Amino acid sequence: MALYEENDVYISNSISRKKELFTALNAPNLGLYVCGPTVYSDVHLGNCRTFISFDLVYRYLTHLGYKVRYVRNITDAGHLENDADEGEDKISQRARLEQLEPMEIVQKYTLGFHGVMSRFNAFPPTIEPTATGHIVEQIDMIQKIIDEGFAYEKNGSVYFDVKKYNESNDYGKLSGRKIEELISGTRELDAQSEKESPLDFAIWKKASPSHIMRWNSPWGIGFPGWHLECSVMSTKYLGDEFDIHGGGMDLKFPHHECEIAQNKASNGSEGPRYWMHGNMLTLNGQRMSKSTGNTLLPHELFTGETDKLEKGFAPTIARFFMLQAHYGSQLDFSSDALLAAEKGYHRLMAAYRKLASLEPSAESTSEFKVAEWHKASYAAMNDDFNSPILISQLFEATRTINSWENKAPLSASDFKLLKESMQAFIFDVLGLEDIGAQGSGQKLDDVINILLDLRKQARDDRDFSLSDAIRDKLADAGIEVKDGKDGSTYSISL
RNA sequence: GGUUCCGUGGCCGAGUGGCUAGGCAGCGGUCUGCAAAACCGUCUACAGCGGUUCGAAUCCGCUCGGAACCUCCA
């Protein structure tokens, strides 16, 4: 029996605003689509948080035995600068600025994105489609939407007719908006605008002569609209109806609202059955955002080369920090919070290493009930991927493990369950990495053990100035000596 | 202005109509040559004011404060 058959997973579905029991359309197959980045500049930590959140989702569902097709797009066609569907797209703008081909910009920042995600130990998606690689499919979808009567062509551009759509559908159901309120809240339309209503959005845009990224279409030379690619690529690879669609909270409106409309208008289905939205990472209480410049870049975090942090932090520690909050809550990034997470992380990892080196006993005499703990740990993740609760479970185990000496007071089967679960939760599900692990080199391990032997000798001889010097100098080198009843161990912090 | 969400102890963060996570820091112990680590014990809570209830931090209303969206943004 697969794990997913014995674990009922509940997901906060944005569209119903309720926690719902998740059922896969075609178990064990499962489709997950996540909106990826626009590759016109470096990704910042806010972007990373969303992708780490969905990496957790992907990892847990995979852990449960689902065969997940995980699609995450790369937006490389360039979105426009503003609401009026006017102006230059961001990739072209950046290309001009850096004096590169647009596709060089795309390549540069795509590689950067991949590099960063890999440092955070996030799995790559199983399919990573690009918008420019799906122009033909986008043109097809536009044509379908026109054929169904939900879009109109104007001077070489095509616009989605939101009012028309809303007559037979509910535009705004995801974000809880009413079309009347949206209209009344809109500023006066430019006299220039071709749109029949301010709510209409471009699904194909005529290219001005200076526009670099351009393709042929039945409506002339142009480029696809902002929201179309996700509709096209999600349904192409996952089907007209599929399981889960994720993305950042900021994409809920209008991006995801438009996706639903496009899906419904073109194929009659709204697409995903579960919508998941990751919440924002804030810096100084304000959302990180490329356009406002309130950002922290991954390399600044890793190296500490920023006035926003006291020191650098390893990627896995930032990951651990993020997973200590629920993906649906806002999280503020601060030095103090990172520092606290770092200490907790090291304690957890040290306990795991200790566990791995212990032996079981004949029978379980510990008050720590492994089976109950195991069950509660799964229950945490089943409840809308509640990683903070899972982590609190891991710390419960940590305290217990640390109190043991020599042998674990557990039967072989309990011990095996605890060890394998800790391993699975820490590394497979949470995706953490043990940067303080011994064996960062057998030779280094040997050398440190020689030093620890020398120190023991000095202590036995009551030559404490020598033994303390060894301890302090190792500490300076980032190697912490820990004295226990049965001799000394060490851990390396980076 | 409209829509949505949040306000938890020194800090970070879960959760919830009665059984009151966890991390970090503090305090008191145990251990240690000293320290660190580790363990044990312990102190700080649910923004304010009303209401519903046998009982609310949890539900409802109001007030105050903050955030996201309503323009591209994870």
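So you know, we letter chains A, B, ... as the sequences are listed, proteins then strands, and number each from 1. Only heavy atoms go into these numbers, but all of them, side chains included; no hydrogens, no water, no symmetry mates. If you're wondering where the values come from, they're calculated on a predicted model, not measured in any experiment.
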Going through the checks in order, is the side-chain hydrogen bond (donor to acceptor under 3.5 Å, both in side chains) test met by A:Gln330 and A:Thr282?
-> CA-CA 7 Å; A:Gln330 279 183 27; A:Thr282 61; 5.2 Å; no
Going through the distances and angles, do A:Tyr171 and A:Arg177 end up as a side-chain hydrogen bond (donor to acceptor under 3.5 Å, both in side chains)?
-> CA-CA 8 Å; A:Tyr171 182 83; A:Arg177 277 160 227 261; over 6 Å; no
Pair A:Lys108-A:Glu98, salt bridge (Lys or Arg N to Asp or Glu O under 4.0 Å): steps then yes or no = CA-CA 11 Å; A:Lys108 175 178 170 183; A:Glu98 297 193 22; 3.1 Å; yes
With pairs defined as Watson-Crick or G-U wobble and both distances under 3.5 angstrom, please note down RNA chain B as a dot-bracket string, | for pairing with another strand.
-> (((((((..(((.....[...))).(((((.......)))))....(((((..]....))))))))))))....
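A:Thr38 contributes no side-chain N or O that forms a donor-acceptor pair with the base of B:C73 under 3.5 Å.
A:Met381 pairs with exactly one of A:Leu61, A:Ile389, A:Leu56 by the side chain to side chain contact (heavy atoms under 4.5 Å, CB included) rule, that one being A:Leu56.
Sorted by first and then second residue, the salt bridge (Lys or Arg N to Asp or Glu O under 4.0 Å) pairs involving residues 392-402 of chain A (not counting sequence neighbours) are A:Glu396-A:Arg399. Sorted by first then second residue, the salt bridge (Lys or Arg N to Asp or Glu O under 4.0 Å) pairs that include residues 118-127 of chain A, not counting sequence neighbours, number zero. The stretch residues 312-336 of chain A participates, sequence neighbours left out, in these salt bridge (Lys or Arg N to Asp or Glu O under 4.0 Å) pairs: A:Asp55-A:Arg319.
The side-chain contact (heavy atoms from CB on, under 4.5 Å) search around A:Ala424 returns A:His63, A:Asp428, not counting sequence neighbours. Every residue meeting the salt bridge (charged side-chain N to carboxylate O under 4.0 Å, His left out) condition with A:Asp483, not counting sequence neighbours, appears here in chain and number order: A:Arg455, A:Arg459. Checked against salt bridge (charged side-chain N to carboxylate O under 4.0 Å, His left out), A:Arg72 has the following partners two or more places apart in sequence or in another chain: A:Glu128. Among residues two or more places apart in sequence or in another chain, the side-chain contact (heavy atoms from CB on, under 4.5 Å) test is passed with A:Ala325 by A:Arg49, A:Leu331. Residues passing the salt bridge (charged side-chain N to carboxylate O under 4.0 Å, His left out) test with A:Asp161: none are found, sequence neighbours excluded. A:Asp468 meets the salt bridge (charged side-chain N to carboxylate O under 4.0 Å, His left out) test with A:Arg471; sequence neighbours excluded.
Atom CD1 in A:Ile479 sits roughly 24 Å away from atom P in B:A35 (whole-Å rounding). Atom CG in A:Leu323 sits roughly 17 Å away from atom P in B:G23 (whole-Å rounding). Straight-line distance from the CG atom of A:Leu430 to the P atom of B:G22: 17 Å, rounded to whole Å. The interatomic distance linking A:Arg462 (CZ) with B:A35 (P) rounds to 14 Å, in whole Å. Per the geometry, CD1 belonging to A:Ile15 stands 15 Å off P belonging to B:U4, to the nearest Å. Summarising the geometry, the separation between CZ on A:Phe253 and P on B:U71 is reported as 7 Å, rounded to the nearest angstrom. Remark: C1' of B:G33 and CD of A:Gln457 are 16 Å apart, rounded to the nearest angstrom. Atom pair A:Arg177:CZ and B:G1:C1' shows a separation of 14 Å (rounding to whole Å applied).
Rounded to a whole angstrom, the distance from the C1' atom of B:C40 to that of B:U4 is 46 Å. Rounded to whole Å, the C1' atom of B:G66 lies 42 Å from the corresponding atom of B:G29. Atom P of B:A37 sits at a distance of 9 Å from the matching atom of B:G26, rounded to the whole Å. Taking atom P on both nucleotides, B:C60 is separated from B:C6 by 10 Å, rounded to a whole Å. Across B:C12 and B:G48, the matching C1' atoms stand 24 Å from one another, rounded to whole Å. Between B:G23 and B:A56, the distance separating the two P atoms is 30 Å to the nearest Å. With C1' as the reference atom, B:C49 and B:U30 are 48 Å apart, rounded to whole Å. Taking atom P in both B:C46 and B:G41, the straight-line distance is 25 Å, to the nearest Å.
A:His277 comes within 4.0 angstrom of no nucleic acid atom, judged by non-hydrogen atoms across all strands. Within the nucleic acid shown, A:Gly36 comes within 4.0 Å of sugar-phosphate atoms alone, with no base atom in reach, counting heavy atoms only. Using a 4.0 Å heavy-atom criterion, one finds that A:Gly46 contacts the bases of the nucleic acid, with or without backbone contacts as well. If you check every strand for non-hydrogen atoms under 4.0 Å, A:Lys343 touches sugar and phosphate atoms only. Residue-level contact check: A:Ser175 touches the backbone only, with heavy atoms under 4.0 Å from sugar-phosphate atoms and none from bases. Using a 4.0 Å heavy-atom criterion, one finds that A:Phe464 contacts the bases of the nucleic acid, with or without backbone contacts as well.
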Look for any protein N or O under 3.5 Å of an N or O in nucleotides 10-14 of chain B and output each such pair with its distance, or none.
residue: B:G13; atom: OP1; partner: A:Asp332; partner atom: N; Å: 3.4
residue: B:G13; atom: O2'; partner: A:Gln324; partner atom: O; Å: 3.2
residue: B:A14; atom: OP1; partner: A:His326; partner atom: N; Å: 2.8
residue: B:A14; atom: OP1; partner: A:Ser329; partner atom: OG; Å: 3.1
residue: B:A14; atom: O3'; partner: A:Asn386; partner atom: ND2; Å: 3.4

Let me have a per-nucleotide readout for nucleotides 36-47 of chain B, 5' to 3', with B, S or -, counting only protein heavy atoms under 4.0 Å.
-> BBSSS-------
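Sequence order on RNA chain B of the closest nucleotides to A:Phe320 and A:Leu281 puts A:Phe320 first from the 5' end. Position along RNA chain B of the nearest nucleotide to A:Ser467 versus A:Lys252 favours A:Lys252 as the more 5'-ward residue.
Taking every side-chain heavy atom of A:Gln286 into account, B:A68 is the closest of B:G33, B:G22, B:A68. Nearest nucleotide to the side chain of A:Asp468, out of B:C70, B:G33, B:A74: B:G33.
Around atom NZ of A:Lys163, no more than 12 heavy atoms belonging to other residues, nucleotides or ligands sit under 6.0 Å away.
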